[in-house]
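Following: one structure in structure tokens, then a few remarks.
Given the structure is predicted, the values throughout are model-derived calculations rather than measurements. Chain letters run A, B, ... following the sequence lines, proteins first and then strands; every chain starts at 1.
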2 protein chains.
Amino acid sequence: MHTLEEAPGPLTPQEILDRAAALHASLGLATVYRNLNTLEASGAVVSVHLPNEARRYEVAGRGHHHHFRCDLCEAVYELDASCPVAVLEGVTLPGGYEVRGHALTLYGVCPVCRAGARA
Amino acid sequence: MHTLEEAPGPLTPQEILDRAAALHASLGLATVYRNLNTLEASGAVVSVHLPNEARRYEVAGRGHHHHFRCDLCEAVYELDASCPVAVLEGVTLPGGYEVRGHALTLYGVCPVCRAGARA
DNA sequence: ACCTTACTGAGAACGAGTTATCATTCTCAA
DNA sequence: TTGAGAATGATAACTCGTTCTCAGTAAGGT
């Protein structure tokens, strides 16, 4: 399942099916789920979950990063940009909230849609 | 539905039902959903969606804030702390990602659980 | 070739969350 | 009190993502 490796960001099982269909027509959704579960158990892929979105999967071992979701085409990308939230890791906020982790998703317009809108 | 106003953070419809049951026994889940949809349409409440969580609702007009989810008791709180992601608003990241909004959720241990663990 | 085994694909089944249905109840003015 | 209209509660039904079932197929061994 190296379809995942080529993607610019995490994919839903349905998106994986659609993309993989180009290489391997008549692929079943069940097989996608089966392989995802197997790969996730072996640690080869990890699942990510964004607000208002179905679960997505991406290949593991890409380090700390966050995701960007395009408001127009609804695609999700991985971001390598520095994380402004890292400063909060391990600190205890006023009120007694002890921060141990965080999830950040940025929203906006992706390069593809910006180019399309400009044309 | 001022049950929402008393809560320290957004509630799921089921939580609303449970809390409201104390005041108004024999309240139906259907009524909760109906009122939530009505209130959301009128702008009195907004829905928030956290990763790996069911949809939650909170009263509108509380300004920019984020949420904190306790790893232990799974409760969700509102945070008033300053937002370290605001600096990214409106900027275009390397790669051409134009940021227009963001969602940040912090994870950790809430004051209640910290107190409980200490005891 | 033959058998065994594992994997696959299609669709049914499932579960959680949400919405629709409908008879009942409430509100309130007359 | 009565009647019209709106709101309610219990439950069925629906949606959507995910998992299960099972017959069919490919791969490997002998």
Measure from [atom1] on [X] to [atom2] on [N] and round the result to the nearest Å.
{"X": "B/Asn35", "N": "D/dA7", "atom1": "CG", "atom2": "P", "result": "9 Å"}
{"X": "B/Glu15", "N": "C/dA16", "atom1": "CD", "atom2": "P", "result": "16 Å"}
{"X": "B/Leu36", "N": "D/dT8", "atom1": "CG", "atom2": "P", "result": "12 Å"}
{"X": "A/Leu29", "N": "D/dG17", "atom1": "CG", "atom2": "P", "result": "10 Å"}

Within the 4.0 Å heavy-atom criterion, would you say B/Arg55 contacts the bases, only the backbone, or no part of the nucleic acid?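 Sugar-phosphate, backbone atoms only, no base.
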Mind checking B/Ser26 for me? I need base, sugar-phosphate or nothing, with any heavy atom below 4.0 Å counting as a touch.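 Sugar-phosphate, backbone atoms only, no base.
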Please name all residues satisfying ring pair (Phe, Tyr, Trp, His ring centres under 6.0 Å) with B/His102, sequence neighbours left out, ordered by chain then number.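 Expected list: B/His64, B/His66.
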If we ignore angles and hydrogens, is there a donor and acceptor under 3.5 Å between the side chains of A/His67 and A/Glu53?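 No pair is found: no donor N or O on one side chain lies under 3.5 Å from an acceptor on the other.
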5' priority, DNA chain C, between A/Ala30 and B/Pro13 [closest heavy atom]: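 The residue whose closest nucleotide sits nearer the 5' end is A/Ala30.
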When you match A/Arg34 and B/Asn37 each to their closest nucleotide on DNA chain C, which lands nearer the 5' end?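 Result of the comparison: A/Arg34.
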With side chains defined as the heavy atoms from C-beta onward, is the minimum distance between B/Tyr33 and B/Ile16 less than 4.5 Å?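 No, their side chains stay 4.5 Å or more apart.
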Taking only N and O in the side chain of A/Thr31, is any of them less than 4.0 Å away from OP1 or OP2 of C/dT8?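 Checking C/dT8 against A/Thr31, no side-chain N or O comes under 4.0 Å of OP1 or OP2.
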